[in-house]
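Reading through the structure tokens given below for one structure.
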Amino acid sequence: MTARRARARPRGSPCVVLPYAVADGARNMAVDEAMLELAGGGSTLLRFYGWEPWCLSLGRHQEAPDRLLGRSPAELRPGVDAVRRPTGGRSVFHGPEITYAFACPARAWGGPRAVLQTVHRALAEGLRSVGVPLDAVPEDAAEASFAAASRISAASCFRDPAPGELTAQGRKLVGSAQCRRHGGVLQHGSILLEDRQRLGDLDGRDIGPDEPADPGVSGKGPAIGLNELLDPVPDRRLIVERLADSVARAFGAPAAVRTNASAETPTSAALIRLAARYERVHRSGAWLWRR
């Protein structure tokens, strides 16, 4: 009897890495949504970015507390932005961190659950290459992690590490969320340089101006930053380079194929056009505080 040939998983196009950039909350989420739409057309895209100003993000389906409704982001804390993510999950305070976003066709690379696991493995490889002592991740943790990502409460995303997420010393270092739309899947998340995540809690903690975002909020909570694991913390550009190479290799590229920040390509032109459309939504108070 002839052995039945195993069904091959659909593959996506090799991963293309977009330039590192720093932007405010609405712009960052708009670019991620644009990546998601391009992924539905067959692209596999990766980018790393930062936040200026620092920003509180809510999960797509997370309810904002009554005391925050109708307030502008500027009223939450001086110098701190606010935005609602296209992905689910709970609130995150985006301060000293490296944020990643990965988008690919939903049916490529084994589907969303396989993408979640592959991205986490690749990020772990990149972090270990710069000396980060990560905890071991059980092989069977991907399903539990995928299910846990959809749980919603007022607590910060980083308060409860889910099975399969990247931790060090038993504390959460990388928090991720995922969504599927337009025929694509988007996964993005935060890699903490410092732990400021108690500023992301919404359960009874006022995020008004009387609690400044100063270095004193970093502490021995359920989250951990690279500053508690490495001395000194490597240059951010080196960390991004190692992470990008690791993720790109995991998704079909021999090394990270980076686009030039100043050169316009069909992908970059489409990304700019789509992001401008999504940015109008993400700057809307109706979207930010929707119930």
Side-chain angles (χ1 to χ4, degrees), residues 3-18 28-49 59-61 85-89 99-126 137 139-151 162-166 174-189 243-259 265-275 277-278 281:
R4 181 177 297 176
R5 180 177 299 175
R7 181 178 299 175
R9 290 180 175 178
R11 309 297 285 179
S13 59
C15 183
V16 173
V17 181
L18 302 171
N28 276 331
M29 294 303 94
V31 174
D32 286 1
E33 288 225 53
M35 287 173 59
L36 175 60
E37 187 162 339
L38 290 177
S43 298
T44 297
L45 301 166
L46 171 71
R47 78 179 186 111
F48 293 89
Y49 57 94
R60 183 180 182 88
H61 303 293
R85 300 189 306 273
T87 53
T99 313
Y100 78 90
F102 176 82
C104 67
R107 296 182 180 275
W109 310 112
R113 285 173 173 79
V115 165
L116 180 76
Q117 187 174 36
T118 302
V119 169
H120 280 174
R121 284 176 175 168
L123 292 175
E125 177 185 319
V137 178
E139 288 295 317
D140 60 353
E143 283 293 323
S145 178
F146 193 85
S150 63
R151 297 175 192 156
E165 291 190 311
L166 301 186
V174 181
S176 301
Q178 217 182 62
C179 68
R180 179 175 176 175
R181 206 163 63 251
H182 305 305
V185 60
L186 167 69
Q187 181 173 322
H188 56 189
L243 293 172
D245 284 342
S246 182
V247 176
R249 285 195 304 269
F251 288 94
V257 180
R258 294 174 175 83
T259 60
T265 66
T267 297
S268 64
L271 195 71
I272 291 170
R273 174 177 52 81
L274 291 171
R277 187 180 75 198
Y278 285 117
V281 175

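Side chains included, hydrogens not; waters and symmetry mates left out as well; all remaining heavy atoms used.
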- [ ] For P86 and M29, work out which heavy atoms get closest and say how close.
- [x] CD-SD, 3.7 Å
Task: Distance-minimising heavy-atom pair for G42 and S13 - done: O-OG, 3.0 Å
- [ ] Using a 4.5 Å cut-off on heavy atoms from C-beta on, say whether the side chain of V174 contacts that of E165.
- [x] no
- [ ] Check A177 against G88 and note the closest heavy-atom contact, atom names and distance.
- [x] CB-O, 3.6 Å
Task: Heavy-atom pair with the smallest gap, counting every atom of L116 and Q187 - done: CA-OE1, 3.1 Å
Task: Distance, nearest 0.5 Å, that separates CG of L274 from NE2 of H182 - done: 8.5 Å
Task: Side-chain (T44) to main-chain (C104) donor-acceptor, under 3.5 angstrom - done: no
TODO: Check each of R181, R180, H61, H188 against T87 using the side-chain hydrogen bond (donor to acceptor under 3.5 Å, both in side chains) test, and report the only one that passes.
DONE: H188
- [ ] For R60, check salt bridge (charged side-chain N to carboxylate O under 4.0 Å, His left out) against everything at least two apart and list the hits.
- [x] none
Open item on the list: To check you understand the geometry: which heavy-atom pair defines the closest contact between S246 and A122, and what is its length?
Closed with: OG-O, 2.6 Å
Task: Partners meeting ring pair (Phe, Tyr, Trp, His ring centres under 6.0 Å) with Y100 (sequence neighbours left out) - done: none
TODO: Could you tell me how the ring of W109 sits relative to the ring of F251: parallel (under 30°), tilted (30 to 60°) or perpendicular (over 60°)?
DONE: perpendicular
- [ ] Check A248 against C15 and note the closest heavy-atom contact, atom names and distance.
- [x] CA-CB, 4.0 Å
Task: Side chain proximity check, T267 to V16, heavy atoms < 4.5 angstrom - done: no
Task: Value rounded to 0.5 Å, distance of CE in M35 from CG in L45 - done: 5.0 Å
Open item on the list: Closer than 4.0 angstrom, basic N to acidic O: yes or no for R277 and E33?
Closed with: no
Open item on the list: Test of understanding: with salt bridge (charged side-chain N to carboxylate O under 4.0 Å, His left out), list the residues that count as partners of R85, not counting sequence neighbours.
Closed with: none
Open item on the list: To the closest 0.5 Å, what do you measure between CG (D245) and CG (L46)?
Closed with: 10.0 Å
- [ ] Verify, without hydrogens or angle tests, whether Q178 (side chain) and P112 (backbone) share a donor-acceptor contact under 3.5 angstrom.
- [x] yes
- [ ] Report the residue from T99, N28, D32 that forms a side-chain hydrogen bond (donor to acceptor under 3.5 Å, both in side chains) with Y49.
- [x] D32
